[in-house]
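Side chains are part of it too, since the values below use all heavy atoms of this structure and drop only hydrogens, waters and symmetry mates. Every number for a ligand or one of its atoms is a count from 1 in the order of the listing.
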Amino acid sequence: MGDGRRLPVVSARVRIIGWLFGVLALALSALVFLTWQVLAARADAAADDELTHEANKFRAFAKSQAAASFTRPEALLDRWLQSNLPDDSEAFFTIVDGREYHRSQGTPPARLDTDATFVRRLADATEPSYGWIDSPAGRVRYGVIPVQIGEQPVRARLVVLEFRDVIAKPSMDAARWLVIIGAIILAMAAGGCWLVTGRVLAPIRQLRTTAERISDSDLRRRIDVVGNDDVAQLARTFNTMLDRLEDAFTSQREFVDNAGHELRTPITVIRGHLELMGDDPRDRAETKALVLDELARMNRMVDDLLVLAKSDRPGFLELGEVNLTELVVEVVAKARPLADRAWRVAATADATIVADGQRLTQALMQLVSNAVRHTKTGDRIEVGSQLDADGSALLWVVDSGPGVAPEDRERIFERFARGNDQRRTEGAGLGLAIVRSIAQGHGGDVRLAPGPGARFELTLPVSEEVGVR
Ligand SMILES: Nc1ncnc2c1ncn2[C@@H]1O[C@H](COP(=O)(O)OP(=O)(O)OP(=O)(O)O)[C@@H](O)[C@H]1O
Ligand SMILES: [Mg+2]
């Protein structure tokens, strides 16, 4: 297709998964973010608690009997360091006379006692103070407690370090797992969605490709209907539509083929006669008569074809008031000169209906001309009308001819269908098709009633548009 304005096709599948993925990812990120925040706050609080706990322990020790005997603060601190073992997430060290003095046993997560800047900063503290500092082992909550014995100037300090990231490690690990598992679930959800949408959308995709491939030359394709859900229903509706389209195209093509074929015959006849025409005036007059006859036939056929073509379109009928008696009388009056038959107007209904009078006359004249064609001089042809109890009208044409062969009874109403007894020159087989279109245009139909002879009946139902007055 050369339509440059066509928008790029975004597959519905990609869009659905995109949305799902986006929403899930957002929800998961929010969850992870909140969890992380809560865990971090809790870790901070835990580090703080630990620090307070250690500070209180030290204060209690400093005020105890055991500490009273120390005269030098470094001795008191050494004692405390010996008797107090730090957890894995903490470390203590002491600062005496501005320098790092001793540290607690064990290996701390990171050495801060060797950080000269840090030590120098804490070495001036005269009041207990707290703070946060970054270390190779993550954030550290520290507290410095100056130690004073008697009235001596403050020379020694205890530093307590709480490695917050070490305290928080188990819960942070859990949060990390949350992220990993969340990502796996997200991937699985996307994969599952891909499969499910694939299954759900497959019929729609097939519908699209089928619709794209359909051209008037190939209307035979259909969609495989699986299951009984909405999509299957859509496919079924689509297939039904294709059936109707195919029927319409086929009948139209047949119609055009038949029309072409039927028109070709008189053309060939005319041509043959003109080519063989000699100079003999009698011969010429004969040829002229024959050619005019064939042209008249062609003309009639083209008129009939136009009526049939029009019959499918709106505006085929021009409704008005039609008196049934007048209609029948008029048809018989028109028919009488056609042939020498025993013409009869049967019982007629003195009723007026809403219908297209000209089209009804046309239908009855087709029936009458058939009747003439199948009867002989003096045979009876009868036209009549009647109003049924429900208000529907019945129009009929009966003749005393041979009637229609049982095998032809249905077929003769089709376009270009002629009885087997017919000679080619007698008609194209469009008459009854026209009668049927006119009847159906009025919401009714035409049927062949049981004999003797041929009795064609046109039924016109009462409806809002075509009603009795
Ligand atoms: N009154 C009748 N008696 C016997 N057979 C009939 C009668 N009317 C129609 N038929 C049969 O029905 C066939 C179809 O009729 P229809 O009017 O459609 O075509 P046609 O008369 O052959 O051609 P056209 O009407 O186009 O000139 C006829 O060929 C004929 O065999
Ligand atoms: Mg006819």
### Task
Would you please name every residue forming a side chain to side chain donor-acceptor pair (under 3.5 Å) with Gln386, sequence neighbours left out?
Asp388
### Task
Could you pull out, from His374, Arg455, Glu414, the option with a heavy atom nearest to atom 30 (C) of ligand 1?
His374
### Query
For atom CD of Gln440, is the number of surrounding heavy atoms from other residues, nucleotides or ligands below 6.0 Å larger than 12?
yes
### Task
Begin from the C-alpha positions of Val397 and Val331 and carry the test side chain to side chain contact (heavy atoms under 4.5 Å, CB included) through to its verdict.
CA-CA 10 Å; Val397 176; Val331 166; over 6 Å; no
### Query
Do side-chain atoms of His261 reach the backbone of Asp257 as a donor and acceptor pair under 3.5 angstrom?
no
### Message
Heavy-atom distances under 4.0 Å decide this one: backbone, side chain, both or neither, for Ser369 against ligand 1?
### Response
neither
### Query
Where does Asp399 meet ligand 1, judged by heavy-atom distances below 4.0 Å: at the side chain, the backbone, both, or neither?
side chain
### Message
Rounded to the nearest 0.5 Å, what separates atom CD in Gln358 from atom CG in Leu327?
### Response
11.5 Å
### Interatomic distance, Phe21 atom CZ to Leu28 atom CG [nearest 0.5 angstrom]
9.5 Å
### Query
ligand 1 and Ala428, any nitrogen or oxygen pair closer than 3.5 angstrom?
yes
#### Entry: Among Trp132, Tyr130, Phe118, the one residue meeting ring-ring contact (aromatic ring centres under 6.0 Å, His included) with Tyr142
Phe118
### Message
As a quick check of understanding, evaluate side chain to side chain contact (heavy atoms under 4.5 Å, CB included) for Glu262 and Leu305, giving each step before the final call.
### Response
CA-CA 11 Å; Glu262 289 294 333; Leu305 287 173; over 6 Å; no
### Task
Report, in ascending order of atom number, the atoms of ligand 1 lying under 4.0 Å from any heavy atom of Val404.
4 (C), 5 (N), 6 (C)
### Summary
So for Arg373 against ligand 1, with non-hydrogen atoms under 4.0 Å, the contacting part is side chain
### Query
Between Arg341 and Thr375, is any side-chain donor less than 3.5 angstrom from a side-chain acceptor?
yes
### Task
Take the angle between the ring planes of Phe416 and Phe255 and call it parallel below 30°, perpendicular above 60°, tilted in between.
tilted
#### Entry: Polar contact flag for Asn370 and ligand 1 (N/O pairs, less than 3.5 Å)
yes
### Message
Judged on heavy-atom distance to atom 27 (O) of ligand 1, which of Gly403, Gly401, Gly431, Gly427 sits nearest?
### Response
Gly427
### Task
Considering the heavy atoms of Ala454, write down every atom of ligand 1 situated less than 4.0 Å from one of them.
1 (N), 2 (C), 3 (N)
### Task
May I ask you to check whether Ala433 has an N/O atom sitting below 3.5 Å from an N/O atom of ligand 1?
no
### Query
Do Ser392 and Asp390 have side-chain N/O donor and acceptor atoms under 3.5 Å apart?
yes
#### Entry: Glu407 CD: over 12 foreign heavy atoms closer than 6.0 Å
yes
### Message
What protein N/O/S atoms are there under 2.8 Å from the Mg ion (ligand 2), waters excluded?
### Response
Asn370 OD1
### Message
Checking the N or O distance criterion of under 3.5 Å, is ligand 1 in contact with Phe456?
### Response
no
#### Entry: N or O contact, Gly429 vs ligand 1, cut-off under 3.5 Å
yes
### Task
Of the side chain and backbone of Arg418, name the one, both, or neither that has a heavy atom under 4.0 Å from an atom of ligand 1.
both
